[in-house]
Amino acid sequence: MPFKIDPKNVDNQQIAWLLRAIAAAYTIKNGPYFKIVAYNNAADEIEHLTTPITYLWQQNRLDEIPNVGQHIKKHLDELFRTGQSKHFNRLLGDIHPAVFILIKVPGIGAKTADKLTKHFKFPKKSEEKIIKTLISLAKQAKIQQIAGFKAKSQERLAKLAAEYLADISPKRFLLSEALEVAEPFISFLQQHQDLIKEAVVLGSLRRRLPTVGDIDIAAKTNKPDQVVKLCSKYPFFKEYETAGSNKARIVLTNGYRIDLVTSPAFKFGSLLQHLTGSKFHNIALRERALEKGYSVSEHGIKDLRTKKLHHFDNEVDFYKFLGLQWIPPELRENKGEIELAERFKLPQLIDKNDVLGDFHIHSDFDISTSHDLGRSGLKDLVIKAKNLKYHFLAVTDHNPKKALASDQKAGLFKKRNRLIDKVSQQFDFCLFKSLEVDINPDGSLAIEKNLLDLFDFIIVAVHSRFDMSSSAMTDRIIKALAYPKVKILAHPTGRILNKRKGFEADWPKIFKVIKKRSQAIEINASPYRLDLPDDLVRLAVKTGVKMTIGTDAHADKDMDWMKFGVWNARRGWAGPDDIINTWSIEKLKKWLKK
DNA sequence: GCCGTTTTCGGCCCGACTGTTTTCAGTCG
């Protein structure tokens, strides 16, 4: 099968898939094991890349990608120049194209896919037809007729394929959604202190990723079988999907699943570390341990000379044994944290308690806004802020509809400003008069320039035309940033988690402009957005660009979303000084005048 | 095929689970 691409129209996922196809081809041909690993590693990197790989290629920067060395670089270069690679085509040529579709189904690997396509007739194109063919073969009980498969494998394949087709297979939940399921269950477990000493979330949930694949919880106990039994007493318990003596998967009445694992106290630290991940962090950790003569697993750390297995009841001691500073879960992605932990030089991360205010709040004051109005009054917002021990809030209602006459707008703004002053005085609380203004497709602002003086500062954001090219979007944003009073670029990539991919833009270029103009970029803390994405937070930290966290609250209770913004900031290695929410009011006022 | 404060050669994470090929292969996280 000659594999052709349009170099102008190929994304990172497709390139990652191609490299996995190469790995699969080597697997089928019993090629060298470490070549297979190398291609898969390169695919992993490219899949998680934050810049389009074609963009890196244009700038001759492919060798900046870890796990892409001289050989893969050469093949990719040919692919991007000519639309295909001779070497890849040679490798893929004699393998049925359906193999590379079938391996996308979790649970089906190269060998299985190869056997299937050799024994049965599969369509060459159409992902849907290929998967349906597999389902139909299983239903006709044909798969169990070939060597290596019996009824059970056949059943399993049919199930995997059906799940893939229905897209009910691993759907990722929002972090907030997963916590709403996990936290009440943990409270339930902790009510039984005689049985359970501690219960914590694991995996991507503990590392605070914006979306998580499953809800894993660890319980520290000496009576694992009793803990497994206890689950059935949980008020929202529906059934056990699996239940062993040490672990269980339970289904709740609302359909969510929870994976529970148990561990005795003396090795709880190792288990916690292992199941927190990430996979890449753990691999790097084990490689490093091996150099020092230790083998790491969820059971502990084994000294390869003495064969002694060391147990750890907590993570601090686990990392210490390996000569490392304890690493906050949000950093465990193998992005350089291990090297810094080795020198005890991990950055100080921002903490929820460092936050002194919220930069993005919508009130119910009606200025005939272009987008949705808030639902809470100013007073309630200030009461909430005081409960959160804040020192300030920025009131950032949406700009009025464009159709409204300029002097009508001015009248509304002045009326709003009087109310803000009144509430501020009444509660002795600092309120900034701000506005969230749309950036028009041409980069102009959706409000008259002469009205900007009525505000302490302006937040700008893209709310329309997300489909522009990267360079047009970059120009659009940079033009908007040049207006007076503009201090913050809100929800910068426009992504809505699980719904809309963020748009692409030349972020390094935009960051440079923001830094030069003493502006800031927002980490939108809404659990539906979490925008800036963490890798761009990291870029902001590296290049010295300041950030604000704003909840984008449309009701007082939404102000509790701040924690999501803080976690996202921590995932991007941000410290207190990178985030303007930690600044004193005097410092803020000085910054606003810059 | 990738990578480097013990290496430009010689290494490359670890264990669980599942199903089937009674000793292992495939897949996953």
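First the proteins, then the strands, lettered A, B, ... as listed; each starts at 1.
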Using only side-chain N and O atoms of [X], determine if any of them is under 4.0 Å from OP1 or OP2 of [N].
X        : N      : value
A:Ser295 : B:dC13 : no
A:His299 : B:dA16 : yes
A:Lys150 : B:dT20 : no
A:Lys279 : B:dG29 : no

When you compare [N] with [M], how far apart are their [atom1] atoms, in angstrom units rounded to a whole number?
N      : M      : atom1 : answer
B:dT27 : B:dC13 : C1'   : 16 Å
B:dC17 : B:dC12 : P     : 25 Å
B:dA16 : B:dG11 : P     : 26 Å
B:dC28 : B:dT23 : P     : 26 Å

| Aro-ring/base stack A:Phe34-B:dC12, d under 5.5 Å, angle under 30° |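 It does: the two rings, one from A:Phe34 and one from B:dC12, meet the stacking criterion.
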| Just how far, in rounded Å, is P of B:dC2 from CG of A:Asp44? |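 So the two atoms are 14 Å apart, to the nearest Å.
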| query | Does A:Lys142 NZ have over 12 foreign heavy atoms under 6.0 Å away? | reply |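 Atom NZ in A:Lys142 is not packed in, count stays at 12 or less.
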| A:Ile108 vs A:Tyr39, nearer the 5' end of DNA chain B by closest nucleotide |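 Whichever sits nearer the 5' end wins; that is A:Tyr39.
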| task | Name the residue closer to the 5' end of DNA chain B, choosing between A:Lys152 and A:His71 according to the nucleotide with the nearest heavy atom. | result |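 Result of the comparison: A:His71.
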| query | Using purine N1 to pyrimidine N3 plus N6-O4 or O6-N4 for Watson-Crick, or N1-O2 and O6-N3 for G-U wobble, both under 3.5 Å, which nucleotide pairs with B:dT8? | reply |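 Checking every strand shown, B:dT8 finds no partner, since no pair has both distances under 3.5 Å.
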| field | Side-chain ion pair, A:Arg332 and A:Glu337, N-O less than 4.0 Å | value |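 Here A:Arg332 does not pair with A:Glu337 in a salt bridge, since their nearest N and O are not under 4.0 Å apart.
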| Charged N to carboxylate O below 4.0 Å: is that the case for A:Asp534 and A:Arg538? |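 Result for this pair is no, no salt bridge flagged.
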| task | Report yes if the distance between the aromatic ring centroids of A:Tyr294 and A:Phe321 is under 6.0 Å, otherwise no. | result |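 Close enough - the centres of the two rings lie under 6.0 Å apart.
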| request: From the options B:dC3, B:dT27, B:dC14, select the nucleotide whose nearest atom is closest to the side chain of A:Asn67. | output: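 Comparing B:dC3, B:dT27, B:dC14 against the side chain of A:Asn67, the answer is B:dC3.
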| message | Holding to side chain to side chain contact (heavy atoms under 4.5 Å, CB included), I want the full list of residues that pass it with A:Arg156, two or more places apart in sequence or in another chain. | response |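 With neighbours one apart ignored, the set is A:Leu160.
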| What nucleic acid atoms does A:Leu290 come within less than 4.0 Å of, heavy atoms only: base, sugar-phosphate, or nothing? |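 Sugar-phosphate, no base atom in range.
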